[in-house]
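Residue numbers count from 1 along this sequence.
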Amino acid sequence: MGQILLARRMGKRRIIAETGAGQHGVATATVCALFDIPCIVYMGATDIERQKPNVFRMKLLGAEVRPVHSGTATLKDAMNEALRDWVANVEDTYYLIGTVAGRIPIQRGARLPMRDRRGGTRAMQRAEGRLAR
């Protein structure tokens with residue numbers, strides 16, 4: 001809901017999203033229907049076959065579900081197509097991303113010094129009596 005409000009505030013007239021299992025697509029289609037904003041959901045052709053009930057819901061809510069046939073025809077490829085669309089239409093399109101992508105979790109773990117990461121393990125071992133105090 002918050003992202004749709006942000007998109008409206010930014011003056012975006014079109015929402016795109018990607019989905020694999022379909023839950024994010026249904027959620028995006030729902031808020032787009034609520035605010036009467038056109039919605040395009042990219043979904044791998046393989047995932048469309050697996051998730052027919054969610055595809056039906058998205059279409060029922062007025063979303064256009066665009067099948068992606070490139071690559072493995074799954075979420076990764078749907079993300080690529082959504083990014084291509086957004087880059088080509090950035091002036092009026094808001095990409096409501098629903099997938100955790102990128103290296104951020106790895107970076108967050110790597111920025112902690114090793115001594116900080118070990119601290120929790122040592123405390124657990126002490127509590128279990130496996131490590132001398």
Side-chain angles (χ1 to χ4, degrees):
M1 183 71 79
Q3 288 194 57
I4 291 292
L5 294 173
L6 176 62
R8 284 182 52 178
R9 174 104 186 212
M10 293 170 68
K12 304 297 182 178
R13 298 180 306 277
R14 179 175 174 264
I15 303 294
I16 62 170
E18 88 296 325
T19 191
Q23 291 97 337
H24 177 66
V26 171
T28 302
T30 301
V31 292
C32 285
L34 183 65
F35 287 96
D36 195 30
I37 299 175
C39 177
I40 298 168
V41 178
Y42 288 90
M43 192 170 188
T46 303
D47 293 330
I48 287 175
E49 284 302 310
R50 291 183 199 157
Q51 302 295 334
K52 286 183 182 178
N54 284 334
V55 173
F56 174 76
R57 289 181 188 102
M58 287 182 265
K59 289 180 177 179
L60 191 65
L61 290 161
E64 177 187 344
V65 180
R66 289 193 183 167
V68 177
H69 299 282
S70 62
T72 57
T74 55
L75 178 61
K76 178 180 76 82
D77 306 299
M79 286 185 68
N80 290 336
E81 285 302 313
L83 280 168
R84 283 186 191 98
D85 182 324
W86 179 69
V87 168
N89 301 290
V90 72
E91 298 83 20
D92 70 339
T93 301
Y94 185 87
Y95 181 8
L96 205 156
I97 191 165
T99 301
V100 178
R103 304 176 339 216
I104 296 299
I106 294 168
Q107 290 171 341
R108 287 198 177 132
R111 77 176 175 208
L112 293 174
M114 185 54 88
R115 63 181 163 73
D116 292 341
R117 285 185 259 164
R118 278 194 310 252
T121 306
R122 289 178 184 261
M124 288 186 330
Q125 288 174 338
R126 273 193 204 102
E128 294 171 357
R130 294 189 295 157
L131 186 67
R133 295 184 186 248

*Can you get from Ile15 to Leu61 by hopping between Ile, Leu, Val, Met, Phe, Trp and Tyr side chains that sit under 4.5 Å apart?*
no
_To the closest 0.5 Å, what do you measure between OG1 (Thr19) and CD (Gln51)?_
8.0 Å
*Is the closest side-chain heavy-atom distance between Ser70 and Asn80 below 4.5 Å?*
no
_Let me confirm one number: the CE-CZ distance from Met79 to Arg84, rounded to the nearest 0.5 Å._
12.0 Å
*Examine Val90 and Tyr94 and state if one hydrophobic cluster contains both, with Ile, Leu, Val, Met, Phe, Trp and Tyr joined whenever side-chain heavy atoms are less than 4.5 Å apart.*
no
*Going by the salt bridge (charged side-chain N to carboxylate O under 4.0 Å, His left out) test, which pairs reach into residues 53-71, not counting sequence neighbours?*
Glu64-Arg66, Arg66-Asp85
*Under 3.5 Å, is there a donor-acceptor pair linking the side chains of Thr72 and Asp77?*
yes
*If you take all heavy atoms of Thr28 and Cys39, which pair is closest and at what distance?*
CG2-SG, 3.9 Å
*If you take all heavy atoms of Tyr42 and Glu81, which pair is closest and at what distance?*
CD2-CB, 3.7 Å
*When rounded to the nearest 0.5 angstrom, what distance separates CE in Met10 from CD in Glu91?*
11.5 Å
*Would a hydrophobic clustering, with Ile, Leu, Val, Met, Phe, Trp and Tyr connected at side-chain separations under 4.5 Å, put Leu75 with Val68?*
yes
*Give a yes or no answer on whether the side chain of His69 reaches the backbone of Gly44 with a donor-acceptor pair at less than 3.5 Å.*
no
*Side-chain contact, heavy-atom cut-off 4.5 Å: Ile97 with Glu18?*
yes
*Same apolar cluster: Ile48 and Phe56, side chain cutoff 4.5 Å*: no
*State, to 0.1 Å, how close Cys32 and Ile4 come at their nearest heavy-atom pair, and which atoms those are.*
SG-CD1, 4.0 Å
_Side chain to side chain, Met43 and Asn54, heavy atoms closer than 4.5 Å_ = no
_Main chain of Arg14, side chain of Asp92: is a donor-acceptor contact present, judged purely on distance under 3.5 Å?_
no
_Is any side-chain heavy atom of Ile37 closer than 4.5 Å to one of Arg13?_
no
*Can you hop from Val65 to Ile16 via hydrophobic side chains spaced under 4.5 Å?*
no
